[in-house]
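Single-structure report; data block below.
The analysis underlying the following values was restricted to heavy atoms, covering all of them including side chains, and did not include hydrogens, waters or symmetry mates. In what follows, chains are A, B, ... by sequence order, proteins preceding strands, each numbered from 1.
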Amino acid sequence: MRHIISVLLENEPGALSRVVGLFSQRNYNIDSLTVAPTEDQSLSRLTVTTSGDGARIEQITKHLNKLVDVVKLVDLTEGAHIERELMLIKAKASGAQRAEIARTVDIFRGQIVDLTATVLTIQITGAGDKLDAFIAALGESVVLEVARTGVSGIARGDKTLAL
Amino acid sequence: MEQLSGGEALIRALHDEGVELLFGYPGGAVLHIYDALFQQDKVEHILVRHEQAATHAADGYARATGKPGVVLVTSGPGATNAITGIATAYMDSIPMVVISGQVESRMIGSDAFQETDMVGVSRPIVKHSFMVQSAADIPAVVKKAFHIASTGRPGPVVIDVPKDATDPKLKIDYEYPQDIKLRSYQVPSKGHSGQIKKAVEVLLGAKRPMIYTGGGVIQGEGCEELTQLTRTLGYPITNTLMGLGAYPSTDKQFLGMLGMHGTYEANMAMHHCDVLLAVGARFDDRVTNSDTSQFCPDATILHVDIDPAAISKTVTADVPIVGPVQSVLREMLDQLDKSDQSVDDQALNAWWKQIDQWREKKCLAVAPAEGGIIKPQQAIQALYELTEGDAFISSDVGQHQMFAAQHYGFDKPRRWINSGGLGTMGFGFPAAMGVQLAFPDALSVCVTGEGSFMMNQQEFATCMQYGLPIKIVCLNNEALGMVKQWQDMQYGGRHSHSTYSESLPDFIKLAEAYGHVGVRIERADELHSKMKEALAMKDKLVFIDVLVDPTEHVYPMAIKGGAMKDMVLSKTERT
C-alpha cells in the first residue's frame, strides 16, 4: 500500500542524505520525494511516498525516527489528508490542436503559463492520479516534456506537524 | 575565558569528557591535533600500526569498560582504514567516537590529496556523524558526539575535522558545555508500566517458559537484574553470542548459548517454549535460523529493547516493551513481587524434566583424538581451567570463536569480547590490546585462528611499544576452518581457497622477531603444562601456537532453512 510520510528534519548539511541513504541501505523504495525549508529556518519538511505492508511501513517510520536529524514525522495516509503535486508540462500544439488542449487544461483546472507558435507550457496541480489522468488525456504524441515536483501533503483538520 | 586553538580545544574536550585513552595514527590532516596532544599529558595516545586496529582496540576497550572508545585518524586512507572497525562497532552497538581529519574547508570537494568524504563513506555504519564547520564548534560537537554514542542504543559517532578548524594560530574561547540538549534525540528513560504488567502476567502464566537475552543486557547494565529475575522465576535461560556473561554460565538454569552453534538443549527449549522473554536481543538470523516462520511456533513473545526499531523487525513481538533494560527488569521484579499470581510449579517441573533429557545428549562433549592430536575444544577447556574462567577473552571470527563461546564458561559480563554482528576477522588481537590497556593487571587473552590473526598481526609492534602482555591462543588448523567446514558440508569437500598450509609463517619466529615469546603446542599430553607455562609469563606477550585437529567441525550447527530444533549434531548425526 502507498504511504505518504512527512518528516520535519534539521535543516543541516547532510541531513537529506541520511534519509535517502536509509531508504537505499534498507531496501525501502522511494516513489517521490520533496524537500524544502519551512517557516522555521532551522527545519526542513520532507515528504516521501513509499509503499509496503504495515510491518514494512512501521520499520520505515521507526528507522526514520532513529535518525538524529529527524525531529518529528507523520504518516499522512493514516488519517484524512490533502495531497498535492505540481506538474509543468510542455505540449506540442499547433492549429486546431491548440483549442482542444486549452479545453482539456480548463477541465483539469490547469493554466497555460507560456506559449510559442508550436508549444504550450501548462501548469497543473492536484493529487498524483489527477496528473496521470491529464497526461493520458493529452495523449503521448502531444507530450514533449514533464516536470513533476513529487507529492507534498498535509493533514486535514486541526492536526499539525510542528514542534 | 581560556583561549585555545581548535586542536587544543579538541584534546581538552576529550579530557573534560573523561577520556583517558585514545587510539590513533597521525597524518597530514591531523598534525595540528597531534601537536596539541604532544603538549599535554592528560589524555594518553596509543599509536597503533594500522587504523583498523585503532578502531578494534577502542572497541575492545569500550566492551570491557562500558565507556566509549576513542579513535583519532587522518583523512583519506586513515579514515577509510577505520571503516571496518566502525562497522564492527555499529553492528554490535558499541559506544565509540571516531575523530577523522579532513582536508582544509576550502579544499573540500576538489579531490585534494588524501581527501575522502568520510561523513558520506561512513554514513550507513554510524549512529550519527558531524562535520566540524569551525574551531568554535568543537566543544559542543564533542559533547554531542559522546552523548549520542553512549546513550540509548549505543553506537559509533564520527567527527570529521577539517584541518583549518584546528589551526594553532586561531584561538577560540574554550568552555566545555555541562550538558547538551538535542530536540531530535530522546532516549526512553523507562518502559511502559502497563506493558510490563502484561508481560509479567504472561510470564507467570507460562507452562514452558524460556528467557533469551543478548548484548543489550550487558550494554544496558542489566545483568544483576536479569540474574535476579531469572532466579526468582526459576526459568531456563540462554544467552546469544553477544550476550554471554550476562547470566553466569555455570549456573544450573543456564542452557548455554543458542543459535547456529548453540547447544541442543537451548535450541530445543527455544523451539518448544510457550512463552519467550527476549531482552536486549534482536532476533538475528544466526539465532532464529533463516526461516522465521518456523521460529518458536508456540510462543507468546515478550520483547524488551531500548531500540523501537529492533522490535518486530524480524519476529513479531506479542508484548513489546521499549525501554532501558535495567529499569524495565527492575520494574518487572517489583511487579513480580506485588503479583498475587505465582509460577506454575508443576508445569515448570515437567519442563525442567524435559530440558534435562535434552541435556543428556551432551552435545558439546568431545572425544579425545588418537595419536596425541589436540582437539580445538580441548585447548579452550584447558584455557578455561588454567584461568579459572576469569580471563578477558577477545576472539576473532571463525571456528575458534565458536569453540571459545561454547567451551569457555563466562560468569561475568564484559569478559567475552567478540565481533558478533559483522563477524570481523582481525578483530581479536587489537581488541585484546584495548582490554589490556583498560585493565593493565588483568589477564587479556586473544583466542584466534591463524587466518584471523594474520589480518592484524602488525599489532605485535604496538604491544611491544606499550608493553602489553597479551596471551594469544591460536587454534592453528592451517586453514580457514569455518569456510572449510561449510565446504565440507555443502560443497562436496571442495576446499576452494581455504587452505594455505605450505605458506604459513613460523609464528614462533614471527613473535620473536617483534621481541615477544612464542610457544608451540603440538600434542594433547603437553597441552596443559605448556599452556600453563605460557600463561605464567606475566610480563610478556606470548603467542601460543596450538596445532589442532584440522578435520574438526563446530557442532551443533543449525540446518539451513529449518527451525531452531533442526540441527546437525556431529558428522553422522542430525536431529
Does atom NZ of B:K198 have more than 12 heavy-atom neighbours from other groups under 6.0 Å away? no
Less than 4.5 Å to any heavy atom of chain A: does that hold for the side chain of B:I311, its backbone, both, or neither? both
Mind checking which of residues 7-35 of chain A sit less than 4.5 Å from chain B, heavy atom to heavy atom? A:E10, A:P13, A:S17, A:R18, A:G21, A:L22, A:Q25, A:R26
Residue from A:L43, A:V68, A:N65, A:V70 passing side-chain contact (heavy atoms from CB on, under 4.5 Å) with B:S184: A:V68
Once side chain to side chain donor-acceptor pair (under 3.5 Å) is applied, do any residues pair with A:K130, and if so which ones, sequence neighbours excluded? none
Residues of residues 87-126 of chain A contacting chain B, heavy-atom criterion under 4.5 Å, by residue number: none
Might you confirm whether atom CG of B:D111 has over 12 heavy atoms from other residues, nucleotides or ligands at distances under 6.0 Å? no
If every non-hydrogen atom of B:R183 is compared with every non-hydrogen atom of A:S42, which pair is closest and at what distance? NH2-OG, 2.9 Å
How about residues 124-141 of chain B versus chain A: which residues have heavy atoms under 4.5 Å apart? B:P124, B:K127, B:H128, B:S129, B:Q133
Answer whether the closest heavy-atom distance between the side chains of B:D307 and A:K62 falls below 4.5 Å. no
So do A:H63 and B:P308 actually touch side chain to side chain, heavy atoms under 4.5 Å? no
